[in-house]
2 protein chains.
Amino acid sequence: MSNSAIEHLTEPQQRILSFISHYMDEHDVPPTIREIQKGAGISSTSMVSYHLKALERANLLNRYERRSRGVVLTHPHRVSPRDIVSVPIVGRIVASEPAPTPDPDALADVENTIQVARSLVGNADGLYALEVQGDSMIDALINDGDIVIMQRTDEIKNGDLAAIFLTDRNESTLKRVYREKDGKRLKLKPENPTMKPFYVDARNAMIQGKVMCVIRKT
Amino acid sequence: MSNSAIEHLTEPQQRILSFISHYMDEHDVPPTIREIQKGAGISSTSMVSYHLKALERANLLNRYERRSRGVVLTHPHRVSPRDIVSVPIVGRIVASEPAPTPDPDALADVENTIQVARSLVGNADGLYALEVQGDSMIDALINDGDIVIMQRTDEIKNGDLAAIFLTDRNESTLKRVYREKDGKRLKLKPENPTMKPFYVDARNAMIQGKVMCVIRKT
DNA sequence: ATAATACGCGAACAGGCGTTCTATGTCAAG
DNA sequence: CTTGACATAGAACGCCTGTTCGCGTATTAT
């Protein structure tokens with residue numbers, strides 16, 4: 001950090017800061033200079049400009065020069081859209097069917113979306129969510145109603161928790177996957193440590209996605 | 001919901017939507033009409049206006065009339081700071097000890113914090129998080145390393161999932177709690193549906209908090 | 001006192017900006 | 001073919017907006 005700090009903000013400067021913050025809560029865009037003038041009770045636009053410069057020096061806001069509404073508050077007040085990601089819930093996962101995969105057309109159906117912090121899931125590309133139905137995923141420590149956040153991929157690293165469809169059994173399951181040395185078999189290890197791993201022929205296993213995160217609301 | 005839906009968006013309309021979204025990721029304010037025109041490759045400002053009207057009708061964006069940069073995308077893309085909450089991870093929960101409770105002084109130790117979407121946890125007051133150690137919470141379908149988001153409270157509704165310290169056994173556990181009619185016993189039901197509930201004397205059970213959410217990063 | 005500095009006001013400028021109007025083109029239904 | 005609904009261009013209008021400049025008024029150090 002550089003020399004930030006609230007080096008004795010003058011009173012009108014605090015009013016400006018507070019006004020911008022409230023204004024952005026209400027509308028979704030920053031105010032104009034003149035709106036600040038009125039809203040924060042400043043006498044002239046040039047004074048607003050003056051105070052804004054001071055606030056910028058104090059690192060409390062950033063300005064895009066010569067752009068209308070070009071003032072944005074720095075970190076503390078504002079959350080970048082990058083910090084949260086809306087993941088579409090594309091269906092239910094049940095043992096007796098392949099896990100649904102995202103339909104690229106079905107964009108952001110507002111209702112069926114779960115918000116998660118980016119820090120939990122990393123990059124948003126290829127992310128989708130499944131709601132678990134029934135207790136068929138109990139050996140993955142996942143119960144009815146839990147939500148699994150997946151990343152679409154068919155390449156996984158050893159030890160990744162993934163959704164696998166077993167073609168010979170006609171079943172989906174969530175397991176940790178390890179490739180055997182000969183590459184012909186997969187070792188599937190339940191997330192539940194009290195249960196034993198088992199092995200399947202690699203040709204009978206379709207990897208449908210990688211589990212990024214499991215969420216249980218209560 | 002009203003009549004939302006992507007009633008066959010025309011191709012330039014999709015470009016506009018996408019441009020606005022990307023623009024707002026980069027700058028923090030919405031673009032102007034003319035910026036949209038250039039950025040989305042529209043031939044004239046009137047065409048932008050024309051498409052914007054259509055998009056507004058489709059509930060994909062809101063407009064503040066006659067305001068510069070007065071177009072904001074609806075719900076999915078924009079995040080208010082109130083939509084995310086930082087929950088402090090105050091300790092580990094192990095079966096053989098009471099579950100830690102938050103120290104009100106220890107504010108926002110940046111490192112030991114987990115970000116979650118408000119929609120998962122509701123009000124942020126009294127929220128704290130525990131990391132589960134060992135597999136002692138397996139009957140709550142929670143494994144080593146999972147994170148439990150708790151709300152400090154000693155009053156719970158029947159059927160709430162809660163952290164209980166059993167004084168006679170010297171154990172913490174996470175169970176669904178039901179008060180018996182006589183108020184003297186509690187029924188504790190494991191989250192794992194394959195396990196059976198059991199009963200404890202209410203005087204031997206200290207309710208330490210309510211489970212709001214369980215998160216497993218993988 | 002003098003000068004330097006910070007703070008304050010209002011007006012004016014130039015370009016930004018949303019809106020609207022007219023003219024033209026496309027295409028399918030009547 | 002005509003008509004009417006929709007799509008497209010371009011230009012013009014008029015308010016919006018950030019910036020600047022000249023001119024005051026305090027406060028403080030010299």
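Throughout, protein chains are lettered first and strands after them, A, B, ... in sequence-line order, and every chain is numbered starting at 1.
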**OP:** Verify salt bridge (charged side-chain N to carboxylate O under 4.0 Å, His left out) between A/D139 and A/K175, making sure each step is shown before the conclusion.
**Re:** CA-CA 8 Å; A/D139 60 356; A/K175 297 279 187 301; 3.0 Å; yes
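The interatomic distance linking A/L55 (CG) with C/dC7 (P) rounds to 12 Å, in whole Å. Between the CZ atom of A/R57 and the C1' atom of C/dA6 there is a distance of 11 Å, rounded to whole Å. Remark: P of D/dT20 and CG of A/L52 are 13 Å apart, rounded to the nearest angstrom. The separation between A/I42 atom CD1 and C/dC7 atom P is 13 Å, rounded to whole Å. One atom, CD of A/Q37, and another, P of C/dA11, lie 11 Å apart when rounded to the nearest Å. Between A/I36 atom CD1 and D/dC16 atom C1' there is a gap of 14 Å when expressed in whole angstrom units.
Partners of A/Y23 according to the ring-ring contact (aromatic ring centres under 6.0 Å, His included) rule, which considers only residues two or more places apart in sequence or in another chain, are A/F19, A/H27. Checked against side-chain contact (heavy atoms from CB on, under 4.5 Å), A/A140 has the following partners two or more places apart in sequence or in another chain: A/I142, A/L174, A/E191. Applying the side-chain contact (heavy atoms from CB on, under 4.5 Å) criterion to B/S18, with sequence neighbours excluded, gives B/H22. With sequence neighbours excluded, the residues that form a side-chain contact (heavy atoms from CB on, under 4.5 Å) with B/S46 are B/S44.
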Extract all donor-acceptor atom pairs below 3.5 Å that involve side chains of residues 182-190 of chain A and protein atoms in other chains or at least two apart in sequence.
residue: A/D182; atom: OD1; partner: A/K184; partner atom: N; Å: 2.9
residue: A/R185; atom: NH2; partner: A/E180; partner atom: OE1; Å: 3.3

**OP:** Let me have a per-nucleotide readout for nucleotides 12-21 of chain C, 5' to 3', with B, S or -, counting only protein heavy atoms under 4.0 Å.
**Re:** B----BBBBB
Taking N or O atoms only and anything under 3.5 Å, show me the protein contacts with nucleotides 24-26 of chain D, one pair per line.
none

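Among pairs with a residue in residues 29-50 of chain B, those fulfilling salt bridge (Lys or Arg N to Asp or Glu O under 4.0 Å) read A/R67-B/E35, B/E35-B/R69, at least two apart in sequence or across chains. Sequence neighbours left out, not one pair with a member in residues 45-55 of chain B passes salt bridge (Lys or Arg N to Asp or Glu O under 4.0 Å).
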